[in-house]
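What follows is a short report on a single structure.
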2 protein chains.
Amino acid sequence: MVDDGTRGEADEREFLAAYDPHAYAPAAVTVDVVAMTIRAGEPLVLMVRRGASPQRGRWALPGGFVRAQDGPGGPADPDLPDAALRVLAEKTALPATLHLEQLGTYGARDRDPRMRVFSVAYMLLAPDLPDPGPGRDTAEVAWVPWRDLGHGGTARHEPAFDHAGIVADAVERARAKLEYTSLATAFLPPVFTITDLRAVYEAVWDRPLHAANFHRKILAAPGFVEDTGGLADRGGSGGGRRPRLYRAGGSAALHPPLLRSAQ
Amino acid sequence: MVDDGTRGEADEREFLAAYDPHAYAPAAVTVDVVAMTIRAGEPLVLMVRRGASPQRGRWALPGGFVRAQDGPGGPADPDLPDAALRVLAEKTALPATLHLEQLGTYGARDRDPRMRVFSVAYMLLAPDLPDPGPGRDTAEVAWVPWRDLGHGGTARHEPAFDHAGIVADAVERARAKLEYTSLATAFLPPVFTITDLRAVYEAVWDRPLHAANFHRKILAAPGFVEDTGGLADRGGSGGGRRPRLYRAGGSAALHPPLLRSAQ
DNA sequence: TGAGTTTTTCTCGATCTGAGGAGAACTTAG
DNA sequence: CTAAGTTCTCCTCAGATCGAGAAAAACTCA
């Protein structure tokens, strides 16, 4: 049975009262972006050196507040992905092609000492990007190797807040999705070789793969890559046969998957 | 270079000013729970009939506001999973064993007509639960088959707000994770048979599987299940050999995976 | 011209898969 | 008690797939 009338209105009154800004201490909704790329076989994450306390001088993920409503600072973000792209664009130039996917939301009580902050983390994958110039309100922006951002241990740059954990979640997500999706092409320009693709897998998984078997499996997976008909120019050092050029195929899922555990 | 001093303080002032409750219209953070179970081979989701407008009388996911701070309504939620379990416990009794995982956060501008709402959705998997009694502020709570909640089309119960999409995301997540993880055991009691496990896969994937090959693959995946040494009592209708009893093994990832595309 | 490099194809034994068959263990009907 | 039916478990086998290595193809550089 539907309980209508008074109960219903009470529910709605409760909804609005519970979020009367005067009744509760403030809580913020932010987006943080784990922007990943691969440069010379090294996986990198875009990090921002904090210019303000707390945690001044430490690396943090680029992020910012979600604009919930139109206000003096600008129009509202229509959706969360818009907010993610907006805050990232304030730190660096966005590439023409990118893959953006939501990673998760972090809201532990004491993750930020100033107030209760709920951060929606996004993972952004892009081909190698130019080095960013300093943003307008940030002291320093840089691409930092994944391996330097680990939890404790040998990490050279311990990130601020819980951002080390967020980066670790992004790295694990990327490693897993390379197994059963065609996500690896998001790290590459529109046209690439099978060797380029293998270099992505080797960089992300941090282990060598058998070139001949990789080649066979990629071409056996329907819709992963499609032949452009062209060959690379080459002429670089080392010599070797000119590789064929491919572009990303239409399918998002890989059948059969490429398993990390396998060779 | 670290830009310290004035810039840093300005940054922090901006942080606090931007979320001065008086300066901005309110935005809410809620949790919505997609609680899933399987009863008699039918996958079900826990839904709540809305007692208040808007969308009065339609089915919605159980959810509620995240308590960002201690307040008159109770103590703050230490983290988002705590909030998810709290709001679900207000609607139904929680099972002894459950799997809770974050699904994603939904924040499109017009998803709720009353105000800007950011909803962190959680997926909860549990063994078959008793039917819930009506909660204290809800007209009706029921387990509804997945297939009745689809977007448009033949759906018999069109859910409120964007909850059809959230359920669809949860269903797809569950289907995918059954391939690569031992998640299926979350739908089963502590002790189960291989046939019970196969029934979970068949219900979630909505297609029959070859019993003999399924049996072989489950036992070949290290750490998926472990033999308890016991046999089922049986005595039910139909007869048949008494099946062995297993419990969930320690490993979370399945190697090799069980692919949906395969038989 | 020849050595070295990289890409691509081929080979082969081992393993895995899908499909069906059949034995084992049990219930129920007669 | 026997026979028929059901369910669980194991076996078989042809075909596909995999890992590892060899080798051919195509190119650079000295």
Side-chain angles (χ1 to χ4, degrees), chain A residues 40-41 178-180 188 191-203 205 207-222 224-247 254-263, chain B residues 40-41 178-180 188 191-203 205 207-222 224-247 254-263:
Chain A
L178 255 56
E179 292 191 298
Y180 45 91
L188 294 173
V191 170
F192 53 86
T193 69
I194 302 287
T195 299
D196 294 335
L197 188 61
R198 181 165 51 85
V200 169
Y201 276 87
E202 291 179 331
W205 288 350
R207 69 190 209 78
L209 297 174
H210 188 286
N213 291 343
F214 182 85
H215 201 275
R216 178 178 62 188
K217 290 184 189 180
I218 295 303
L219 296 184
F224 192 0
V225 298
E226 53 187 41
D227 199 333
T228 64
L231 296 179
D233 300 344
R234 264 322 192 102
S237 66
R241 181 171 173 172
R242 289 164 61 200
R244 285 181 190 229
L245 294 173
Y246 295 85
R247 69 176 74 91
L254 280 195
H255 283 285
L258 291 165
L259 301 178
R260 269 181 284 186
S261 60
Q263 185 57 256
Chain B
L178 255 56
E179 292 191 298
Y180 309 98
L188 294 173
V191 170
F192 53 86
T193 69
I194 301 287
T195 299
D196 294 336
L197 188 62
R198 180 165 51 85
V200 169
Y201 276 88
E202 291 179 331
W205 287 350
R207 68 189 207 78
L209 297 174
H210 189 287
N213 290 343
F214 182 84
H215 201 275
R216 178 179 60 189
K217 289 184 191 180
I218 296 302
L219 296 184
F224 192 0
V225 297
E226 54 186 42
D227 199 333
T228 65
L231 295 178
D233 301 345
R234 265 324 193 103
S237 65
R241 181 172 174 172
R242 290 164 60 199
R244 284 181 191 229
L245 294 174
Y246 295 85
R247 68 176 76 89
L254 280 195
H255 282 286
L258 290 165
L259 301 178
R260 271 181 281 186
S261 60
Q263 186 54 256

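Protein chains get the first letters and strands the later ones, always in sequence-line order, with residue 1 at the start of each.
- Checked against side-chain hydrogen bond (donor to acceptor under 3.5 Å, both in side chains), R241(A) has no partners two or more places apart in sequence or in another chain.
- Between L209(B) atom CG and dT17(C) atom P the separation is 14 Å, expressed in whole Å.
- In this structure, L258(A) and E179(A) have side chains that are not in contact, with every pair of non-hydrogen atoms separated by 4.5 Å or more.
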**OP:** Let me have a per-nucleotide readout for nucleotides 8-14 of chain D, 5' to 3', with B, S or -, counting only protein heavy atoms under 4.0 Å.
**Re:** BSB-B--
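- Annotation: R198(A), atom CZ; neighbour count of heavy atoms from other residues, nucleotides and ligands within 6.0 Å is above 12.
- Y180(B) meets the ring-ring contact (aromatic ring centres under 6.0 Å, His included) test with Y180(A); sequence neighbours excluded.
- Checked against side-chain hydrogen bond (donor to acceptor under 3.5 Å, both in side chains), R247(A) has the following partners two or more places apart in sequence or in another chain: E226(A).
- In terms of the side-chain hydrogen bond (donor to acceptor under 3.5 Å, both in side chains) criterion, residue partners of R216(A) (sequence neighbours excluded) are, by chain and number, N213(A).
- To the nearest angstrom, P of dA16(D) lies 18 Å from NZ of K217(A).
- The interatomic distance linking L259(B) (CG) with dC18(D) (C1') rounds to 15 Å, in whole Å.
- Heavy-atom minimum distance, L245(A) versus A232(A): CG-N, 3.7 Å.
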Subject >> Chi angles and distances behind the side-chain contact (heavy atoms from CB on, under 4.5 Å) call for I194(B), Y246(B) >> reply: CA-CA 7 Å; I194(B) 301 287; Y246(B) 295 85; 3.5 Å; yes
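- Direction of the helix axis in the helix from dT1(C)-dA30(D) to dG30(C)-dC1(D) shifts by 0° between the two five-pair termini, rounded to 10°.
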